[in-house]
Every structure is written in structure tokens, then in C-alpha cells.
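The structure appears below as C-alpha cells.
Basis for what follows: all heavy atoms, side chains included, without hydrogens, waters or symmetry-related copies. On a predicted model such as this, the values are computed, not experimentally measured, just so you know.
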Number of protein chains: 2
Amino acid sequence: MSDLESLSALIIEFYEKLSSWEHAVVRGSSLTLPQMHTLEILGQQPSLRMKELAAKMGLTTGTLTVTVDRLEKRGLVSRVPHETDRRSVLVALTPKGQAIFEAHHAMHLRLTQELCASLSEEQAQSLRAILRTMNQAF
Amino acid sequence: MSDLESLSALIIEFYEKLSSWEHAVVRGSSLTLPQMHTLEILGQQPSLRMKELAAKMGLTTGTLTVTVDRLEKRGLVSRVPHETDRRSVLVALTPKGQAIFEAHHAMHLRLTQELCASLSEEQAQSLRAILRTMNQAF
DNA sequence: GTGAGTAACTTGATAATCAAATAAACCGCG
DNA sequence: CGCGGTTTATTTGATTATCAAGTTACTCAC
């Protein structure tokens with residue numbers, strides 16, 4: 001197996017494990033994966049239009065409409081009319097949604113902490129630089 | 001922002017980008033994400049029982065049954081009775097399914113190659129060691 | 001053999017998803 | 001101003017994904 005292939009396999013394995021972890025954590029939260037994903041994105045922006053949110057999630061706006069409907073019905077997000085463009089709707093977290101996001105984000109931190117605990121300080125620094133570079137290369 | 005938080009953010013960003021990439025690539029393949037995921041797992045094992053496959057994907061066997069039904073109907077996987085345990089069914093890729101898996105795997109390799117092209121040789125080596133460590137820490 | 005446990009499938013219900021159609025609002029240009 | 005093309009969100013219709021719970025067929029220990 002070439003170097004490249006082994007690195008590819010390691011990346012895929014890492015991705016799969018993160019994915020399983022996320023899946024398992026969200027399962028225990030009474031929300032579905034797309035619903036939690038929506039909250040996660042909204043947690044990092046004050047508010048987004050449906051179009052922007054759909055683009056960030058790689059979905060059509062039609063799909064997103066029903067997901068936001070459900071989240072709104074549960075009081076986790078709110079729709080606010082756009083101030084200058086009346087076609088648009090701004091979606092934002094409610095305090096209740098914000099609380100769920102923060103709890104979930106805290107679990108991300110805890111996971112990261114555990115993963116990094118197995119690395120040396122130099123490796124952690126190195127990983128930071130590597131990820132910065134790779135994220136830009138996308 | 002603490003070191004830990006920034007590293008967490010970088011990992012999440014990396015994960016999100018891999019996820020978007022996978023989503024986009026699979027979209028253009030006439031298969032759905034769970035279907036391709038099934039092929040990806042089967043591509044790395046000669047064959048698996050439904051139970052094992054479901055466990056690897058974090059699904060119930062009920063869910064998997066219908067996904068495998070669809071893949072079988074399209075001639076991408078086959079069900080073979082287990083030799084000694086007649087309750088069990090072994091699922092394996094057909095040649096057609098194998099071909100799709102290999103094409104998809106090749107795209108993974110190409111992506112990895114692009115990502116690593118932005119790294120120095122030392123960084124690539126370092127990343128390999130880091131991923132090995134973190135994958136074990138899970 | 002009988003009974004507890006296991007593997008896959010089925011059923012019923014909810015959620016996710018897309019493509020295409022619709023409705024409302026924007027914007028530029030005459 | 002007012003028209004036509006564009007953009008934004010929603011709706012509709014159809015397929016797929018998913019789970020929990022129930023069913024059926026099989027295994028294995030006793």
C-alpha cells in the first residue's frame with residue numbers, strides 16, 4: 001500500500017469515526033441529524049437567510065423549509081422577516097435552540113480534548129498547522 | 001479563544017468540508033448517501049452479515065434491509081446464505097457494485113492527494129502518525 | 001426436544017430529500 | 001412609472017431513510 005493510500009485510509013477512518021460519534025450523540029438528543037446540523041450552523045452565525053443556510057448545508061431550499069418548520073414548531077429557531085428584502089427570511093436560534101447548540105458544542109470540545117490528550121504538545125501544534133493548511137486547500 | 005477551542009474548530013471545519021465533498025460527489029452518482037456508504041463498507045470486507053453491516057453503519061437491521069433491497073434490485077450487491085448459520089445472510093458487492101466502489105475510492109485518493117499536496121513531506125509524515133494515534137484513541 | 005436467545009424481515013409511522021411548480025418581491029431599463 | 005426577467009421562499013408529489021415493535025425462522029444449551 002502506497003503512502004498516499006495509507007494516508008487516505010487514515011483520513012477516511014478518522015472521518016468515519018467522527019461521523020459515528022456525531023450520529024450516536026445526536027441520537028440521544030431527541031433531534032435528528034439534519035435538525036442538529038441546522039442548529040450547529042446557526043450557532044456560529046447570528047442569523048442566515050434560508051438560501052444561505054441551504055447552501056451551507058448542501059440542500060435545496062425546499063428541503064430546508066420543512067426542517068426549519070419542524071425546528072420552529074419546537075421553539076428552537078425563529079423566522080424573522082428580512083429588513084430590506086421582503087422576499088427573504090432570517091432564521092436564528094431562540095434561547096432554547098441556543099442552549100441546545102451550546103450543550104452540543106461543549107461535547108465537541110470534550111471529544112477534541114480527549115483526542116488531543118493522546119497527542120504530545122508538539123503534535124497538537126503540528127496538527128493545528130496542518131488542519132489550517134488543508135482547510136484552505138479545499 | 002483557547003488552544004483547545006481553536007483546534008476543535010479546525011477539526012469540525014475539516015469534518016464539515018469532507019462531509020460536503022462526499023455529499024456533492026455522491027449526489028452526482030445516481031446513488032443516495034446511505035447507499036454509497038453501504039458500498040464503501042462492503043468494498044473493504046469480502047462480505048458481512050446484515051447484523052454486522054448495520055452495526056458498522058450505526059443503523060438497525062430493519063433500516064438496512066430496505067437499503068440492501070434497493071441495492072440488490074439495482075444489481076450492486078448480492079445476498080448469499082450463510083454457510084453454517086441459516087438465520088444469517090451475507091451481503092457482498094457484485095462486480096457492478098465493486099466497480100462503483102472502486103471509482104468512488106479513486107476519488108477519495110485524488111482528494112487526499114490534493115489535500116496533501118499543500119503539505120510538506122514532514123507534515124504528511126506527521127499527519128500519518130497523528131491520525132494513527134487519534135484513531136486509536138476513539 | 002423444549003425454551004431462551006438471535007438474525008433477518010415486515011409493518012406502521014415520521015422525517016429527509018429532490019425536482020418542479022407556485023407566489024411574492026426585487027431590480028434594471030425604457 | 002411599469003414591464004420583464006430574476007431571485008427567494010414555499011408548496012406539491014414522489015421516493016428514500018429511519019426507527020420501534022412485532023413476526024418468522026433458526027440456533028444452541030440444557
Side-chain angles (χ1 to χ4, degrees), chain A residues 19-20 22-42 45 47-74 76-92 100, chain B residues 19-20 22-42 45 47-74 76-92 100:
Chain A
S19 179
S20 297
E22 179 78 2
H23 201 276
V25 167
V26 172
R27 282 246 108 275
S29 78
S30 88
L31 289 181
T32 65
L33 216 44
Q35 288 169 0
M36 184 62 85
H37 192 195
T38 305
L39 299 189
E40 284 184 68
I41 295 194
L42 289 175
Q45 329 272 334
S47 70
L48 286 172
R49 293 182 301 165
M50 293 292 288
K51 189 74 186 300
E52 298 167 329
L53 187 50
K56 272 189 194 291
M57 300 181 68
L59 301 175
T60 63
T61 58
T63 299
L64 190 60
T65 292
V66 316
T67 297
V68 169
D69 282 349
R70 286 192 243 275
L71 289 172
E72 196 178 23
K73 201 162 296 175
R74 299 179 62 159
L76 305 183
V77 306
S78 61
R79 277 187 241 237
V80 184
H82 192 286
E83 297 183 0
T84 63
D85 185 344
R86 275 187 296 168
R87 292 169 304 178
S88 292
V89 176
L90 292 175
V91 187
I100 291 180
Chain B
S19 178
S20 297
E22 179 78 3
H23 201 277
V25 167
V26 173
R27 284 246 106 275
S29 78
S30 88
L31 290 181
T32 65
L33 217 43
Q35 288 169 1
M36 183 63 85
H37 193 195
T38 305
L39 300 188
E40 285 184 67
I41 294 194
L42 289 175
Q45 329 271 336
S47 70
L48 286 173
R49 292 184 300 165
M50 293 292 288
K51 190 76 186 299
E52 298 167 330
L53 188 50
K56 272 188 193 293
M57 300 180 68
L59 301 174
T60 64
T61 58
T63 299
L64 190 60
T65 292
V66 315
T67 298
V68 170
D69 282 349
R70 286 192 244 276
L71 289 172
E72 196 177 23
K73 202 164 293 174
R74 299 178 62 159
L76 304 182
V77 306
S78 61
R79 276 187 242 237
V80 184
H82 193 286
E83 297 181 2
T84 62
D85 187 343
R86 276 187 294 170
R87 292 169 305 179
S88 292
V89 176
L90 292 176
V91 187
I100 292 180

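Going from atom CG of B:Leu53 over to atom P of C:dA8 covers 10 Å, rounded to whole Å. Residue A:Leu31 contributes atom CG, which lies 14 Å from atom C1' of C:dT14 at whole-angstrom precision. Atom CE in A:Met50 sits about 12 Å away from atom C1' in D:dT11, given to the nearest Å. Distance B:Met57 CE to D:dT18 P: 7 Å, rounded to the nearest Å. Between the CD atom of A:Glu83 and the C1' atom of C:dC26 there is a distance of 17 Å, rounded to whole Å. Per the geometry, CG belonging to A:Leu64 stands 14 Å off C1' belonging to D:dT11, to the nearest Å. Going from atom CG of B:Leu48 over to atom C1' of C:dA8 covers 15 Å, rounded to whole Å. Whole-Å rounding puts the A:Leu71 CG to C:dA15 P distance at 11 Å.
Between B:Thr63 and D:dC19 there is a side-chain polar atom (N or O) within less than 4.0 angstrom of OP1 or OP2. At least one side-chain nitrogen or oxygen of A:Thr65 sits closer than 4.0 Å to the OP1 or OP2 atom of D:dT10. Contact between the side-chain N/O atoms of B:Thr61 and the OP1/OP2 oxygens of C:dA7 is not found at any separation under 4.0 Å.
Contact annotation for A:Thr32: backbone-only contact, meaning every heavy-atom pair under 4.0 Å involves sugar-phosphate atoms and none involves a base. As judged by a 4.0 angstrom heavy-atom cut-off over every strand, A:Ser88 is placed among residues touching the sugar-phosphate backbone only.
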Point to revise | side chain to side chain contact (heavy atoms under 4.5 Å, CB included) evaluation trace for B:Arg49 with B:Val91 | key: CA-CA 6 Å; B:Arg49 292 184 300 165; B:Val91 187; over 6 Å; no
Practice item. Let me see the working for A:Arg74 and A:Gln35 under side chain to side chain contact (heavy atoms under 4.5 Å, CB included), right down to the final yes or no. Key: CA-CA 11 Å; A:Arg74 299 179 62 159; A:Gln35 288 169 0; 4.1 Å; yes
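For the residue pair B:Arg70/B:Thr38, the side-chain donor-acceptor check at 3.5 Å is not satisfied.
The 5' end of DNA chain D is approached more closely, in terms of each residue's nearest nucleotide, by A:Arg49 than by the other of A:Arg49 and A:Arg27. Checking A:Gln35 against B:Glu52, the closest nucleotide of DNA chain C that is more toward the 5' end is the one next to B:Glu52.
In terms of heavy atoms, A:His23 sits closest to B:Gly58 at CE1-O, 3.7 Å. For the pair B:Ser29 and B:Met36, the tightest heavy-atom approach, listed with the atom from each and the gap, is OG-CE, 3.8 Å.
Comparing D:dC19, C:dT17, D:dT10 against the side chain of B:Leu59 picks out D:dC19 as the nearest. The side chain of B:Asp69 approaches C:dT10 more closely than any other nucleotide in the set C:dT10, D:dA17, D:dC19. With distances taken from any side-chain atom of B:Arg70 to the nucleotides D:dT16, D:dT18, D:dT10, the minimum falls on D:dT16.
Residues A:Leu31 and A:Leu76 are in side-chain contact: their nearest non-hydrogen atoms beyond the backbone lie under 4.5 Å apart.
Note that the CG atom of A:Leu53 and the CG atom of A:Leu64 stand 4.5 Å from one another [nearest 0.5 Å]. One finds the CZ atom of A:Arg87 at 14.5 Å from the CE atom of A:Met50 (value rounded to the nearest 0.5 Å).
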Are any protein N/O atoms closer than 3.5 Å to N/O atoms in nucleotides 21-30 of chain D? If there are, list each pair with its distance.
residue : atom : partner : partner atom : Å
D:dT27  : OP1  : B:Arg86 : N            : 3.2

